[in-house]
Amino acid sequence: MRLFLHELANQQRLFWRSRESAFFTFLLPIILLVILGLVYGDKEIDGVRAAPYLVAGMLGFGVISTAYAGLAINLVIRRESGVLKRVRGTPLSPAAFLGAVVVSTLVVIGIEALLQVLIGRYVLDAGFPESPGGLAVALLLGAAAFSALGLATTALVKSSEGSSAVVNAIYLPMVFISGVFFSVYTLPGFLEAIAYVLPLTYLLEL
């Protein structure tokens, strides 16, 4: 447990020291929420005010960008640079290392989600979630699912140079098709059918 907690603290330091990672996986969903909320927050989507809809969408976007894209890209880079191989030569077990990586990702998502909810309430007048506990469970399930998908995706990426391209090609279309920015019911029929086989769609519905 001591080694796990030490590695968890180390993973947090590594994340926040990487400005690019912190921006694209942590700040980008928050910035998009503020911009889109201020521009479109008073319009309607599916008969409801757009601001709470956008908060829910950006919460989902934050989960997939952090738990899936950020995790997959970072692990591929560490694998190709030999970091993972060096970890195997330390007293830290692979399970404890991966556990610390995933839990660190959950911590980032938790902070990000809290900020998004507060921005939604105090900047966009979207209100607080009616069921905070239910929201927390949904975010936890989504983060666990997309973390697992991120770990699985690392097996498909053979080089650190191609990691961003492969991951972005998978998750960015999913973001647009699943209804992060607009309702899936406004999509053409074939795209709506695709939306309902994508995991992000169901996280957003939760």
Task: Residue pair S65 / P29: nearest heavy atoms and the distance that separates them - done: OG-CG, 3.8 Å
- [ ] Check whether V123 and M58 end up in the same hydrophobic cluster, where Ile, Leu, Val, Met, Phe, Trp and Tyr are linked by side-chain heavy atoms less than 4.5 Å apart.
- [x] yes
Task: Least distance between heavy atoms, A138 atom then L206 atom - done: CB-CB, 4.0 Å
Task: Any side-chain heavy-atom pair of Y171 and T153 under 4.5 Å - done: no
Task: Separation between CD of E80 and CG of L75, rounded to the nearest 0.5 Å - done: 11.5 Å
Open item on the list: Any non-hydrogen side-chain atom of V166 less than 4.5 Å from a side-chain atom of I170?
Closed with: yes
Open item on the list: Is there a continuous path of hydrophobic side-chain contacts, each under 4.5 Å between heavy atoms, that joins I119 to L204?
Closed with: yes
TODO: Considering non-hydrogen atoms only, spot the tightest contact between A195 and T201 and give its length.
DONE: O-OG1, 2.5 Å
Open item on the list: For the backbone of E192 and the side chain of Y185, can you confirm whether one donor and one acceptor N or O come within less than 3.5 Å of each other?
Closed with: no
Open item on the list: Does I177 form a side chain to side chain contact (heavy atoms under 4.5 Å, CB included) with V184? I'd like the steps, not just the answer.
Closed with: CA-CA 7 Å; I177 296 173; V184 297; over 6 Å; no
Task: For G150 against A72, the heavy-atom pair lying closest together - done: O-CB, 3.5 Å
Task: Shared hydrophobic cluster, L114 / L203 (ILVMFWY, side-chain heavy atoms < 4.5 Å) - done: yes
Open item on the list: Whether the side chain of T66 engages the backbone of V63 through a donor-acceptor N/O pair (distance < 3.5 Å, no angle test) should be reported.
Closed with: no
Open item on the list: Any heavy-atom pair between the side chains of L33 and F61 that's under 4.5 Å?
Closed with: no
TODO: Establish whether V167 and V102 are linked, either directly or via other cluster members, by ILVMFWY side-chain heavy-atom contacts under 4.5 Å.
DONE: no
Open item on the list: Keeping S18 on the side-chain end and L14 on the backbone end, is there a donor-acceptor pair under 3.5 Å?
Closed with: no
Open item on the list: Would the distance check show the side chain of N74 and the main-chain N or O of G70 forming a donor-acceptor pair, the cut-off being under 3.5 Å?
Closed with: yes
Open item on the list: Strictly distance-based, threshold 3.5 Å: is any side-chain N or O of Y202 a donor or acceptor partner for the main-chain N or O of Y196?
Closed with: yes
Open item on the list: Measuring from atom CZ of R49 to atom CG of L54, what distance do you get when rounded to the nearest 0.5 angstrom?
Closed with: 9.5 Å
Task: Close side-chain approach of V107 to F15, heavy-atom, < 4.5 Å - done: no
- [ ] Could you state whether I64 and V197 fall into the same hydrophobic cluster, counting links through intermediate Ile, Leu, Val, Met, Phe, Trp or Tyr residues with side-chain heavy atoms under 4.5 angstrom apart?
- [x] no
Task: Test item: R79 side-chain N/O and S160 main-chain N/O as donor-acceptor pair under 3.5 Å - done: no
- [ ] Applying side chain to side chain contact (heavy atoms under 4.5 Å, CB included), run through L140 and L106 and close with a yes or a no.
- [x] CA-CA 8 Å; L140 182 61; L106 296 179; 4.1 Å; yes
Open item on the list: Between S163 (side chain only) and V76 (backbone N and O only), is there a donor and an acceptor less than 3.5 Å apart?
Closed with: no
Task: Within-4.5 Å side-chain heavy-atom neighbours: L187 and I194 - done: no
TODO: Keeping the roles fixed (side chain from T105, backbone from V101), state whether a donor-acceptor pair exists under 3.5 Å.
DONE: yes
Task: Straight-line distance of E112 CD to L59 CG, nearest 0.5 Å - done: 8.0 Å
- [ ] Could you tell me which non-hydrogen atom of L3 sits nearest to which non-hydrogen atom of P91, and how far apart they are?
- [x] CD1-O, 3.8 Å
TODO: Apply side chain to side chain contact (heavy atoms under 4.5 Å, CB included) to M174 and V180, showing your working.
DONE: CA-CA 9 Å; M174 191 186 307; V180 166; over 6 Å; no
Open item on the list: Could you check whether any side-chain heavy atom of F97 comes within less than 4.5 Å of a side-chain heavy atom of Q11, counting everything from C-beta outward?
Closed with: yes
TODO: Would you please test F26 and L115 for side chain to side chain contact (heavy atoms under 4.5 Å, CB included) and show each step?
DONE: CA-CA 10 Å; F26 181 81; L115 289 175; 3.7 Å; yes
TODO: Ignoring hydrogens and angles, tell me if any N or O in the side chain of T154 forms a donor-acceptor pair with the backbone of L151 under 3.5 Å.
DONE: yes
Task: Atom of A67, atom of I109 and distance for their closest heavy-atom approach - done: CB-CD1, 3.7 Å
Task: Main-chain N/O of A100 paired to S104 side chain as donor or acceptor, under 3.5 Å - done: no
Open item on the list: Counting C-beta onward and ignoring hydrogens, is there a side-chain heavy-atom pair between L200 and F146 closer than 4.5 Å?
Closed with: yes
Open item on the list: Is the shortest side-chain heavy-atom distance between L118 and F128 below 4.5 Å?
Closed with: yes
